[in-house]
Amino acid sequence: MTVSFERRGDIAVALVDRPPVNAIDAEVRTGVLQAAQRAAADATIRALVVACRGRTFMSGADLSELGSTIPPPPYSEVLQALEDCNKPVVAAMHGTTLGGGLELAMACHYRCAVAGTRLGMPEITLGILPGAGGTQRLPRLVGMEHALDLLLSGTPIDAARALELGLVDEIVGADVIEGGVEYASRLLAMGAGPRPTASRPGPRGPLDEPTLAGALERHARALRGRTTQKSVFEALRAASELPISEGLKVEARLSAESLESAESRALRHVFFAERACSRIPGIDTSSGAAAELRRVAVIGAGTMGSGISMALADAGIPVSLIEKDRAALDRGLGIIRENYAQSAKRGRIDEATGQARQALIAGSLSLEPARDADLVIEAVFEDFDLKRSLLVEVDSIVSADAIIASNTSSLSLTALAAATRQPERVIGLHFFSPANVMRLLEIVRGARTSDATIRAGLALARKLRKTGVVVGDGFGFVGNRMMLDGYFREAELLLLQGVAPERIDSAMEEFGFAMGPNRVNDMAGIDVGTRVRQELTRRETRPPPYHVVSDALTALGHVGQKVGRGIYRYAPGSRSPLPDPELAPLVRALADKYGIAPREVSAGEIEQRCVLSLVNVGAQILDEGLAYRAADIDVIWTSGYGFPRSRGGPMFHADTLGLGRVVEAIERLGSSGDAHYWRVSPLLQGLAATGRTFADWDRSRES
Ligand SMILES: NC(=O)c1ccc[n+]([C@@H]2O[C@H](COP(=O)([O-])OP(=O)(O)OC[C@H]3O[C@@H](n4cnc5c(N)ncnc54)[C@H](O)[C@@H]3O)[C@@H](O)[C@H]2O)c1
């Protein structure tokens with residue numbers, strides 16, 4: 001029985017049991033509706049408690065129903081029946097109560113929750129406006145300002161905060177069903193009756209310009225390039241000005257529109273793509289060997305080694321951090337200590353947690369601790385000979401079933417692994433900087449990496465709460481290859497054609513990137529790319545002018561923000577880019593050398609060239625078998641490289657533009673510019689010719 005109806009004396013309990021997360025599907029809707037009707041009709045029942053079995057209260061719709069015709073009964077009817085019930089209705093919550101789950105709780109007359117329950121309205125993160133009364137009932141319960149914060153941030157709050165805001169009336173003991181029944185009987189004893197949220201007076205606090213401006217400022221980062229907030233404002237305005245029956249109609253219209261919006265389609269694509277990327281064709285990824293990682297050794301306590309150690313410690317995994325000299329080790333451990341201290345100071349973790357995590361990281365000046373590690377990750381300098389000899393040494397001391405990983409960003413994993421006795425257990429774990437923050441993890445499969453090792457890599461990603469994407473062992477793997485061969489290459493060519501860096505950056509920021517390519521290059525360090533390209537030339541060649549501007553700046557020591565000068569200049573201690581008058585003559589001299597004439601380029605062309613170069617290189621990568629799915633590429637670019645999620649990633653964006661149009665545009669770019677560079681990838685050509693999309697291609701390979 002998905003929703004059982006139990007009697008506890010004169011209190012009825014509607015108990016939802018829909019593993020694993022009590023998603024609100026047709027059976028749940030039907031069951032709750034029937035429970036509300038039965039409680040209303042039965043004169044011996046004096047109150048109804050709605051609660052859930054399993055690990056959580058309801059937390060939203062069954063997302064797989066979205067986009068198709070949703071089977072009856074409509075959710076609004078279920079919630080109306082709860083709200084209209086002639087006996088008090090109590091929502092008793094535990095786990096998480098999100099989205100549609102919270103909308104149900106708000107349609108109940110009273111709300112109680114187990115301590116630690118998390119409540120929120122995350123719909124905006126999928127570009128959706130809540131459609132079951134959330135925008136009308138929430139401001140009536142918590143006031144306009146808090147409603148705005150909850151709806152715009154999408155971030156949940158805990159039960160204690162919800163109690164303060166009036167979203168929850170009572171915190172109950174750990175047994176949610178007992179707690180709910182006990183709370184309901186107390187309400188009855190006090191003579192409490194039904195208390196529909198709808199009949200509360202309109203929201204406390206106005207929805208005026210200063211309130212809106214304040215909310216927009218608080219959530220500016222999350223809302224950049226987004227449009228759903230406009231619907232939130234319109235719905236809240238309806239809540240403040242109209243009777244709830246009318247407000248619900250406005251909300252229903254806006255919610256339906258939001259589901260059809262390009263933004264929502266893109267965000268939902270990324271949401272599903274992030275879940276799908278851990279499934280690898282031909283490998284059973286449901287079980288993972290690394291689930292019981294007892295100890296990990298990280299070699300190299302530089303930027304990446306310290307970050308990776310923190311990522312591991314944050315997941316409760318003990319780490320041995322190994323360095324070759326005392327000063328470097330002390331520096332690395334110092335960075336880690338400082339990082340935890342800062343997190344505690346900013347209130348992100350408490351001090352004890354910071355200390356406990358720090359205590360999980362033990363420094364060492366010898367490789368000895370690697371002996372009994374289940375996983376060894378090397379993050380030493382990007383030097384092939386150094387890494388190879390280190391891996392050989394590690395291979396000779398670790399246990400037979402340990403996994404050996406390299407954090408290389410440009411070297412051939414296959415070549416590195418070839419020097420070891422068991423290349424099957426060697427894997428690339430390409431973390432992104434800062435490794436304890438960035439969610440992306442490229443899991444690199446060398447020519448001989450075994451399925452079991454890949455499974456372990458994916459299990460590690462899960463454990464670290466990172467998005468692990470398995471990629472092939474080509475130059476730059478997937479993300480950096482697309483950045484260097486596509487996005488950055490095009491941005492440089494624009495510089496050589498006389499376009500100011502500010503114009504390139506602002507065109508891409510307008511498109512939705514948090515920072516344009518020149519600002520990113522300066523922030524990451526221009527020399528980093530130069531070093532990677534030097535390694536590249538040992539493996540593959542690229543025709544000039546391939547990043548000649550960046551390489552010239554590296555040679556001059558103008559390597560970016562860290563020295564106060566790169567493509568831009570920076571005042572001491574500042575991260576705000578200022579124009580560098582010496583850049584234009586340097587770029588012009590290089591353009592003359594390579595015969596590149598200055599041109600007028602519109603903002604539209606900047607965007608088109610930077611984005612379509614990503615699409616075309618992405619398609620080449622798929623052609624070469626270096627990524628399993630177009631959607632994996634979208635995950636990599638949205639989670640690791642700042643491509644706007646609200647556009648779904650480069651490949652989804654191309655589908656949205658229409659691949660026929662994309663091919664035409666690339667051919668046009670080739671006929672007026674660099675024909676060699678703008679050669680349409682055969683995969684892209686083929687899909688466009690047959691009227692298919694990258695999504696179709698992904699689907700055809702799933703089956
Ligand atoms: N910095 C990034 O953004 C980034 C991103 C992804 C991957 N990577 C890759 O991660 C690796 C490390 O990069 P980083 O930026 O942390 O470099 P880094 O220079 O900050 O740190 C490297 C550390 O390795 C130590 N080391 C060198 N040889 C050693 C040895 N034999 N034994 C023990 N320790 C040794 C050095 O003392 C130094 O502290 C490189 O392969 C790099 O390509 C870097």
Side-chain angles (χ1 to χ4, degrees), residues 297-311 319-336 339 361-370 373 376-397 404-413 415-416 426-444 466 469 471 473 475-481 483-484 488 520-536 538-539 559-562 636 639-642:
V298 176
I299 309 176
T303 313
M304 294 310 290
S306 340
I308 295 168
S309 300
M310 286 189 274
V319 184
S320 303
L321 181 54
I322 299 170
E323 254 295 342
K324 65 174 172 12
D325 67 73
R326 162 73 50 198
L329 181 60
D330 288 346
R331 198 170 49 237
L333 291 172
I335 291 171
I336 294 171
N339 211 293
I361 304 172
S364 167
L365 291 172
S366 103
L367 273 183
E368 269 316 293
V376 180
I377 307 173
E378 74 73 20
V380 300
F381 303 129
E382 189 77 344
D383 174 318
F384 185 82
D385 295 334
L386 169 67
K387 284 192 194 274
R388 187 180 48 187
S389 61
L390 191 61
L391 290 191
V392 167
E393 199 177 343
V394 168
D395 183 50
S396 70
I397 62 168
I404 302 175
S406 170
N407 181 46
T408 180
S409 41
S410 62
L411 302 170
S412 161
L413 185 79
L416 284 172
V426 180
I427 192 170
L429 292 176
H430 187 215
F431 287 86
F432 288 72
S433 183
N436 56 324
V437 176
M438 293 290 286
R439 282 175 38 241
L440 179 61
L441 177 64
E442 280 186 330
I443 299 173
V444 186
K466 293 201 184 288
V469 185
V471 297
D473 183 27
F475 157 66
F477 313 123
V478 169
N480 281 351
R481 156 96 174 270
M483 180 172 75
L484 295 174
F488 273 23
V520 170
N521 205 358
D522 267 3
M523 194 185 66
I526 299 176
D527 52 330
V528 174
T530 298
R531 255 184 283 129
V532 169
R533 286 187 294 276
Q534 281 162 357
E535 286 299 333
L536 160 69
R538 296 196 199 184
R539 298 172 73 174
V559 294
Q561 247 178 52
K562 59 189 167 192
I636 289 173
S639 62
Y641 293 84

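Small disclaimer: the values here were computed from a predicted structure and weren't measured. These numbers come from the heavy atoms of this one structure, side chains and all, not from hydrogens, waters or symmetry mates. In each ligand, atom 1 is the first atom listed, and ligand 1 is the first ligand listed.
- Residue-ligand proximity: K387 is placed with a non-hydrogen atom under 4.0 Å from ligand 1.
- Side chains of V376 and I299 form a contact here, defined as non-hydrogen atoms less than 4.5 Å apart.
- Ligand-side atoms of ligand 1 in range of E382: 40 (C), 41 (O), 42 (C), 43 (O), range being under 4.0 angstrom from any heavy atom.
- Short contacts between ligand 1 and S409, defined as distances under 4.0 Å to a heavy atom of the residue, involve ligand atoms 7 (C), 8 (N), 9 (C), 42 (C), 43 (O).
- Nearest to atom 6 (C) of ligand 1 among the protein's heavy atoms is F431 O, 3.1 Å.
- Between S309 and I336, some side-chain heavy-atom pair lies under the 4.5 Å cut-off.
- Taking only non-hydrogen atoms, the option from S389, G305, S433, S364 nearest to atom 3 (O) of ligand 1 is S433.
- In this structure, atom 16 (O) of ligand 1 has protein heavy atoms in its sub-4.0 angstrom surroundings.
- Heavy-atom contacts of G300 reach the following atoms of ligand 1: 24 (O), 25 (C), 34 (N) (cutoff under 4.0 Å).
- Shortest contact from atom 21 (O) of ligand 1 to any protein heavy atom: G302 CA, 3.2 Å.
- At a 4.0 Å heavy-atom cut-off, ligand 1 touches L386 through the side chain alone.
- Proximity of F432 to ligand 1 is not established, as no heavy-atom distance is less than 4.0 Å.
- Here N339 pairs with M310, S343, N436 under the side-chain contact (heavy atoms from CB on, under 4.5 Å) rule; sequence neighbours left out.
- Shown in contact with H430 at under 4.0 Å from a heavy atom are these atoms of ligand 1, numbered in order with element: 6 (C), 7 (C).
- Counting only heavy atoms from C-beta outward, the side chains of F477 and I443 never approach each other to under 4.5 Å.
- Remark: the backbone N or O of S409 is paired with a side-chain donor or acceptor of E382 at under 3.5 angstrom.
- Applying the side-chain contact (heavy atoms from CB on, under 4.5 Å) test between I308 and each of T303, V319, N407 identifies N407 as the sole match.
- With atom 44 (C) of ligand 1 as the reference point, the heavy atom nearest to it among M438, M304, E323, K324 is part of M304.
- For atom 24 (O) of ligand 1, the nearest non-hydrogen atom from the set V380, I377, D325 belongs to V380.
- Contact atoms of ligand 1 toward N407: 7 (C), 8 (N), 9 (C), 10 (O), 11 (C), 41 (O) (distance under 4.0 Å to a heavy atom of the residue).
- Near I299, with a cut-off below 4.0 Å to any heavy atom, the atoms of ligand 1 are 32 (N), 33 (C).
- Side-chain contact between T408 and E535 is absent, with no heavy-atom pair separated by less than 4.5 Å.
- Nearest non-hydrogen protein atom to atom 20 (O) of ligand 1 is T303 N, 3.0 Å.
- Given atom 19 (O) of ligand 1, the protein heavy atom at minimum distance is F381 CE2, 3.3 Å.
- Panel note: side chain R533, backbone L484; no donor-acceptor pair is recorded below 3.5 Å.
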